[in-house]
Amino acid sequence: MPQRGDELLASRRAKLERLRERNVDPYPARFHRTHTTAEAAHAFTEAEAAGTDGPAVTVAGRIVRLRRMGKASFADIEDSEGRLQLFIRSDAVGDEYALVDDLDLGDFAGASGTLIRTKMGEISLAAESLTLLAKSLRPPPEKFHGLRDVEQRYRQRYLDLISNREVHEAMRARSRIISAIRAFFDARGFLEVDTPVLVPVPAGAMAQPFVTRHNALDRDLYLRIATELYLKRLIVGGMDKVYEIGRVFRNEGIDANHNPEFTLLESYEAYADYNDVMRLVETLVPQVALEATGGTNIEYGGEVIRLTGPWPRVSLHDAIEQYAGVNLDDHPDASSLADKMRAIGVAATYAESRGRLIDKLVGTFVEPKLVQPAFLVDYPVEMSPLAKASPDNPRYTERFEAFAAGMEIANSFTELNDPDVQRERLAEQEELRKQYQGEDLDRMDEDFLTALEHGMPPTGGLGIGVDRLVMLLTGQTTIRDVMLFPQVRQTGEPDA
RNA sequence: GCCCCCGUAGCUCAAUGGCAGAGCGCCGGGCUUUUAACCCGGGCGUUGCAGGUUCGAGUCCUGUCGGGGGUACCA
């Protein structure tokens with residue numbers, strides 16, 4: 001990227017030099033504030049209410065506005081909690097007033113003095129001392145319109161944070177949501193664990209992995225695509241309730257709902273089944289919403305979504321029949337189903353597996369209808385290699401997915417714990433992979449099967465895409481706005 | 001992966017194929033209660049990049065890089 005705006009940088013560097021010539025350290029090691037901006041405002045309001053003078057405080061922050069009027073100036077400083085106006089008069093700060101000439105928007109400054117209310121009614125610090133804390137050498141985004149360029153917002157998120165206050169609030173909401181999830185599981189006796197990110201087999205979901213290389217072991221390793229199979233090993237080991245909130249990696253496309261790395265919550269509970277997990281989910285989501293946003297009704301895309309449970313259960317079979325007019329039982333093989341789908345105007349080919357065709361039907365006809373929270377239950381066995389088959393109908397599994405705002409937010413099943421059946425299912429996945437090249441299928445994991453052979457109790461498992469839950473609860477329509485550093489293409493030259 | 005749209009000053013944006021502009025920011029000057037401070041003076045630019053058409057290209061064409069949206073894929 002060609003270096004532009006050189007004169008702006010040069011002018012700031014010139015100020016830096018002038019400061020050094022005057023023996024002002026532009027990057028002092030420390031500065032101790034007594035109050036944040038919000039605490040200072042609060043302290044003043046209390047003093048005012050008590051009829052006493054404003055307290056003496058020391059504050060610090062980034063200069064976001066600067067109004068110089070000869071021998072007096074106003075500087076608005078900002079910290080993570082808010083803003084405070086500094087009123088700097090040369091007769092109050094003395095020689096330090098010279099510093100004002102070399103300040104720029106974006107610099108960090110600290111000040112000590114007494115809190116007052118100005119003629120215009122704004123709580124301000126009447127500075128008696130002013131200290132430069134860090135010189136900014138690059139110009140900040142435009143102060144009124146803010147940073148609008150979406151590319152730069154994501155590439156240089158710190159500028160977005162400086163310029164657009166609402167980003168702070170979105171990330172605080174994300175933090176509250178994750179804290180609330182932890183509190184929910186902790187309160188129910190679940191143990192939070194960490195399982196490997198670098199794995200020898202990228203199994204536990206249907207997705208393309210990232211490959212990496214371990215030099216000392218001289219072998220390829222993969223970034224995990226799920227935490228599922230390791231958490232089940234812990235169930236085998238006797239940890240009856242475990243959960244993990246972790247980053248997983250899928251080597252797939254990037255769009256408003258997908259980022260190559262995202263945060264996945266998975267939980268496993270021994271002696272629970274998918275009905276228990278449904279009750280858990282319809283309790284968890286509204287509770288997290290309440291703690292993180294203060295309510296259980298969410299406005300999303302112009303609709304009010306009521307999260308309070310219980311949520312309706314609809315079988316996948318019935319939902320497809322209702323919304324797509326297709327009876328899955330009439331089309332037990334992929335080619336028959338593909339014919340039917342083409343007859344009703346859905347792009348379907350004989351190169352697609354039955355599971356993928358069903359997934360397409362759900363995505364096209366059913367998902368968009370599920371605006372209010374609902375569980376789709378009982379998925380066909382070929383779509384669910386890790387789920388236990390229904391005792392009543394072996395073509396279906398005890399699996400559900402939860403939807404809200406037309407978005408999938410949870411996936412869960414009564415876990416398959418018969419090691420021989422599990423081996424057959426994973427072998428079938430490997431066969432399907434050969435038959436349907438280009439489709440994402442699960443993978444054989446011998447070490448996991450060995451664990452299952454030692455015996456896993458009946459277990460209910462759950463996966464929730466945390467980023468999508470944050471989107472739902474904060475009304476964001478793109479995943480990039482709920483993560484700080486979404487993936488962006490590398491430009492040849494890193495700008496630094 | 002495919003289709004469509006976008007890329008102009010540090011930032012936010014203008015400019016029928018005809019001299020590249022405005023606001024903020026920045027630089028110089030003034031100002032001791034301002035609020036996107038104000039007043040006076042100063043455009044600070046390889047119009048993403050490389051070609052092409054044209055008397056003349058920010059504008060039209062081709063390619064390329066980056067971004068956005070859609071679609072495909074996908075917890």
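A quick note: this is a predicted structure, and the numbers were derived from the prediction, not measured. By convention in this document, chain letters (A, B, ...) are assigned in the order of the sequence lines, proteins followed by strands, and residues within each chain are numbered from 1.
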### Task
Verify the contact: side-chain N or O of Arg480(A) to OP1 or OP2 of G68(B), cut-off strictly under 4.0 Å; return yes or no.
yes
### Task
Any side-chain hydrogen bond (donor to acceptor under 3.5 Å, both in side chains) involving residues 106-119 of chain A? Give me the pairs, sequence neighbours left out, ordered by first then second residue.
Glu48(A)-Arg117(A), Thr58(A)-Ser112(A), Asp107(A)-Lys135(A), Thr114(A)-Glu128(A)
### Query
For Arg83(A) and U35(B), what is the distance between atoms CZ and C1' respectively, to the nearest whole Å?
10 Å
Protein N or O to nucleotides 28-32 of chain B N or O, pairs below 3.5 Å:
unit_1: C31(B); atom_1: N3; unit_2: Arg68(A); atom_2: O; d: 3.3
unit_1: C31(B); atom_1: N3; unit_2: Gly70(A); atom_2: N; d: 3.3
unit_1: C31(B); atom_1: N4; unit_2: Gly70(A); atom_2: N; d: 3.3
unit_1: U32(B); atom_1: OP2; unit_2: Lys71(A); atom_2: N; d: 3.1
unit_1: U32(B); atom_1: N3; unit_2: Asp91(A); atom_2: OD2; d: 3.3

### Query
With a 4.0 Å cut-off on heavy atoms, is Asp255(A) in touch with a base, just the backbone sugar-phosphate, or nothing at all?
base
### Spacing between Arg67(A) atom CZ and A36(B) atom C1', to the nearest angstrom
9 Å
### Message
At 4.0 Å (heavy atoms only), tell me whether Ser412(A) reaches a base, stays on the sugar-phosphate, or touches nothing.
### Response
base
### Message
Using the ring centroid of each side chain, check whether Phe190(A) and Phe185(A) are separated by less than 6.0 Å.
### Response
yes
### Task
Measure from CG on Asp76(A) to C1' on C24(B) and round the result to the nearest Å.
16 Å
### Message
With side-chain hydrogen bond (donor to acceptor under 3.5 Å, both in side chains) as the criterion, how do Asp378(A) and Tyr274(A) come out once you've worked through the C-alpha distance, each side chain's angles and the decisive distance to 0.1 Å?
### Response
CA-CA 10 Å; Asp378(A) 300 340; Tyr274(A) 77 147; 2.7 Å; yes
### Task
Figure out the CG/C1' separation between Leu357(A) and C73(B), and round it to whole Å.
14 Å
### Query
Name the one of Met471(A), Arg153(A), Glu166(A), Arg174(A) that satisfies side chain to side chain contact (heavy atoms under 4.5 Å, CB included) with Asp481(A)?
Arg153(A)
### Query
When the distance from CG of Leu103(A) to C1' of G25(B) is rounded to whole Å, what number comes out?
16 Å
### Lys NZ or Arg CZ of Arg182(A) over Tyr243(A) ring: under 6.0 Å, within 45°
no
### Query
How many Å lie between CG on Asn259(A) and C1' on C73(B), as a whole number?
16 Å
### Task
Please identify each residue that fulfils side chain to side chain donor-acceptor pair (under 3.5 Å) with Tyr230(A), with sequence neighbours left out.
none
### Message
From CD of Glu122(A) over to C1' of A36(B), roughly how many Å is that when rounded to an integer?
### Response
13 Å
### Query
Hey, do the aromatic rings of Phe87(A) and Phe74(A) have their centres closer than 6.0 Å?
yes
### Query
Is there a donor N/O on one and an acceptor N/O on the other, under 3.5 Å, for the side chain of Gln85(A) and the base of U34(B)?
yes
### Query
RNA chain B: Arg117(A) or Thr478(A), which has the more 5' nearest nucleotide?
Arg117(A)
#### Entry: Interatomic distance at P, G7(B) relative to C60(B), whole Å
10 Å
### Task
Report yes if at least one side-chain N or O of Ser11(A) is closer than 4.0 Å to OP1 or OP2 of C26(B); otherwise report no.
no
### Task
Write down the distance separating the P atoms in G41(B) and C24(B), rounded off to the nearest Å.
14 Å
### Query
Below 4.0 angstrom from OP1 or OP2 of C11(B), is there any side-chain N or O of Gln152(A)?
yes
### Task
Could you tell me the separation between the CZ atom of Arg13(A) and the P atom of C27(B), rounded to a whole number of Å?
15 Å
### Axial cation check for Phe485(A) ring with Arg157(A), 6.0 Å and 45° limits
no
### Task
Check every strand shown and say whether Glu252(A) touches a base, only sugar-phosphate, or nothing at a heavy-atom separation below 4.0 Å.
sugar-phosphate
